[in-house]
Amino acid sequence: VNYNTFYNERVTDTPLTAPMEIAFDYTRSLGPVLGQFMTALRERRVLGARGADGTVHSPPFEYDPLTSLPPQELVAVGPEGTVLTWSWLAEPLPGQPLDRPFGWALIRLDGADTAMLHAVDAGSAAAMRTGMRVRPRWAAERVGSIRDIACFEPCAETPGARPEAQGAGPVTQDPATKPPVTMTVTPVRLRYQHTASPGESTYLRGLADGRLIGQRCPACGKVYIPSRGTCPVDGVPADIVVELPDTGTVTTFSIVNVAYPGQQVTPPYVAAAVLLDGADIAFQHLILGCEPGEVRIGMRVRAAWRPRDEGATTVSTISHFTPTGEPDAPYETVARFL
Amino acid sequence: VTEVAVVGFAQSPCRVREDATTGGVEMLVPIFAEVYAATGLAKGDIGFWCSGSSDYLAGRAFSFVQAVDAIGAVPPIMESHVEMDGAWALYEAWVKIMSGEAEIALAYGFGKSSGSELRRVLALQLDPCLVAPLWPDSVSVAALQARLGIEAGLWTEKDMAEVAARCRSAAVGNPAAQVSGEVAIEDLLARPYVADPLRAHDCAPVGDGAAVVILASGARARELCDRPAWITSFWHRIESGSLGSRDLLRVGLGPPGSPGPVDVAELHAPFTHQEILLRRALGLGPGDAGGPAEVSPSGGALCGNPMFAAGLARIGSAARAVMTGRADRALGHATSGPALQQNLVCVMEARR
């Protein structure tokens, strides 16, 4: 067995790659402490949590690092503060607070003993320094999020000049015009360049040509389609190319009755595991061309290809599978794959 | 008490792999074969398997399951996974042997760091309500720590450049290194900042790779390896997840803190200033409890930092120093999380 197939000349084609963007929203319950913190941010106030040792943490802890108890008291801090350390980012990344060069800083708000990580809109690195005074720039629309602070900006005031009322004072409740914030939504957008394995690439290029290409394991002889890269039984590259017919047998199926966003076919329809003739593993596809209730284990099916000029390196080049009308495959021929 | 030793190590060359999937199989199969050949083991001899990898890095759920194909997991195996560097998978494997549930265990880690914007993806390891919504990138967060040290007088930008130059020079001849060579400090310092005060040479390169380490207990270790790297201590500690309430200049290693004198220390420092911080915390300098030690003769993570494999590769490299006779006593360190939040230390030694 040649373990180095992945590195040698037998891999002649560059693997297929494609951009992939993953986008989803995290919706989180904030709990009592962060709920109060976010509610206050919406009202342009910043809170801290007083710990058992008297230190004030802002952002607040949910459980005291010393006693593991919830904070006994939330107090107002800042909103101005002092930069404890900073870095300067010349080329901001998507999603960050500013889209022009800015500073990241750990900022200790007046009255707090710990620091908050946030952005500072200082214009240039030359305007940044440790010890500089900053104040929040509030977002125009506030929803109860750390991003209700759009960023911090430099301010001239020195700590000694601030009024007594500011920093580590008791929380004053604003008249509640809105219900308290209990949830936070964080949109996540991530971009990848997704790479198919050499075997998957061969399989996908075959689809574009209207062919089904699998790989046989040199150790156990099993045929995989789509390629598994390595044989999951033997852990060696399954790299003997095998062309398979576009006929096969339903090994199991389910009738989809539920509608969901992005669905390609109107329910009810059948999603099935189809064992292509000559393969040792089934793959999933749609069964159309008959009533869902007619689909059964052992039913013989054939690929319905999209028109040749629509061929692409994707499994949807096969539109679906459709019954051939042949007698069902004997149970023994599919029993091993159920 | 059960004695456990490292008996095998292999790692794939760290580089941007256009031919590798995020499932890791293409990087793992050759190094599994290499470590089997070196130890004479076959997959059926392995009593416990544990991997370290990340779905965020792969961009899909349960990405570690695909990697199990590289094992050939038929008949079924005893297998586990950590969403951390493979060094923590090694820790789980060590516990498995110490508790008598396996005699031989294999830990592996893999990561295709180049498949996405790594420093942006790593923002998702930060506090999900208070920090991650701002998308602070991992390089900027490390830069906050670097400036604290500069302003506290612990190091200078020149000291940091010297770390980079020493590591790149040490990596010459290491086939797994992604960057290596002789560089002049002045040239490095003339380059622009990536995230002031960090320049490109202060940051580990983004690269793809995998690593594997095999552990064995007592008698089996002596059969499998002429000079096993016996584990004398193995521990890990975690700092607060709140960056602003941590002392970023303190590396919390907990007891026993200092490993005692070692000949070689392979440190997982993805940023130059972090190597200086770790040397101090572990006491590796002349006159220190652990020193003077040769630090990261492989070139370290600054010359190749495949995510989720680089920490395991540090322990493997330290073990290799013992197995080859370069060191009698060696230390491997791994880190995870922002700004050295989590630290793991494995101390190994040769025995008669």
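Per chain, numbering begins at 1; letters A, B, ... match sequence-line order. These numbers were taken from a predicted model, which means no experiment stands behind them.
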Please rank [options] by heavy-atom pairs under 4.5 Å with chain B and give me the top one.
options                                  : result
Ile22(A), Thr114(A), Thr17(A)            : Thr114(A)
Thr55(A), Val188(A), Leu84(A), Thr184(A) : Val188(A)
Glu200(A), Arg189(A), Glu91(A)           : Arg189(A)

For [X], which atoms come within 4.5 Å of any heavy atom of chain A: side chain, backbone, both, or neither?
X         : value
Val194(B) : backbone
Ala20(B)  : backbone
Ile77(B)  : neither
Phe32(B)  : neither
Ser242(B) : neither
Glu117(B) : both
Leu144(B) : both
Leu198(B) : neither
Glu34(B)  : neither

Please flag which part of [X] lies under 4.5 Å from any non-hydrogen atom of chain B: side chain, backbone, both or neither.
X         : result
Met38(A)  : side chain
Pro187(A) : backbone
Arg191(A) : both
Pro65(A)  : neither
Phe37(A)  : side chain

Return the [atom1] to [atom2] distance between [X] and [Y], rounded to the nearest 0.5 Å.
X         : Y         : atom1 : atom2 : answer
Leu243(B) : Thr85(A)  : CG    : OG1   : 11.5 Å
Glu62(A)  : Leu130(B) : CD    : CG    : 7.5 Å
Leu134(B) : Thr186(A) : CG    : OG1   : 9.5 Å
Leu148(B) : Thr130(A) : CG    : OG1   : 7.5 Å
Tyr193(B) : Leu89(A)  : OH    : CG    : 14.5 Å
His194(A) : Arg60(B)  : NE2   : CZ    : 4.5 Å

Arg108(A), CZ atom: more than 12 neighbouring heavy atoms under 6.0 Å
no

Would the number of heavy atoms belonging to other residues, nucleotides or ligands and lying under 6.0 Å from CZ of Phe24(A) be above 12?
yes

Return the minimal non-hydrogen interatomic distance between [X] and [Y], and the atom names on each side.
X         : Y         : value
Thr230(A) : Ala70(B)  : OG1-N, 3.6 Å
Ala196(A) : Thr21(B)  : C-CG2, 3.7 Å
Lys43(B)  : Asp234(A) : NZ-CA, 3.8 Å

If we ignore hydrogens and angles and just use 3.5 Å, is the side chain of [X] paired with the main-chain N or O of [Y] as donor and acceptor?
X         : Y         : result
Arg147(B) : Trp86(A)  : yes
Arg147(A) : Pro133(B) : yes
Gln96(A)  : Trp135(B) : yes

If we only count heavy atoms from C-beta on, is the [X] to [Y] side-chain gap below 4.5 Å?
X         : Y         : result
Glu26(B)  : Ser197(A) : yes
Thr22(B)  : Thr195(A) : no
Leu106(A) : Leu248(B) : yes

Max heavy-atom pair count under 4.5 Å with chain A, selected residue of [options]:
options                                    : answer
Ala73(B), Ala142(B), Cys129(B)             : Cys129(B)
Ala58(B), Ser240(B), Gly59(B)              : Gly59(B)
Pro128(B), Ala146(B), Pro197(B)            : Pro128(B)
Ala195(B), Ser245(B), Ser140(B), Ala143(B) : Ser140(B)

Step-by-step side-chain contact (heavy atoms from CB on, under 4.5 Å) determination, Val121(B) to Leu190(A)
CA-CA 7 Å; Val121(B) 170; Leu190(A) 295 170; 4.1 Å; yes

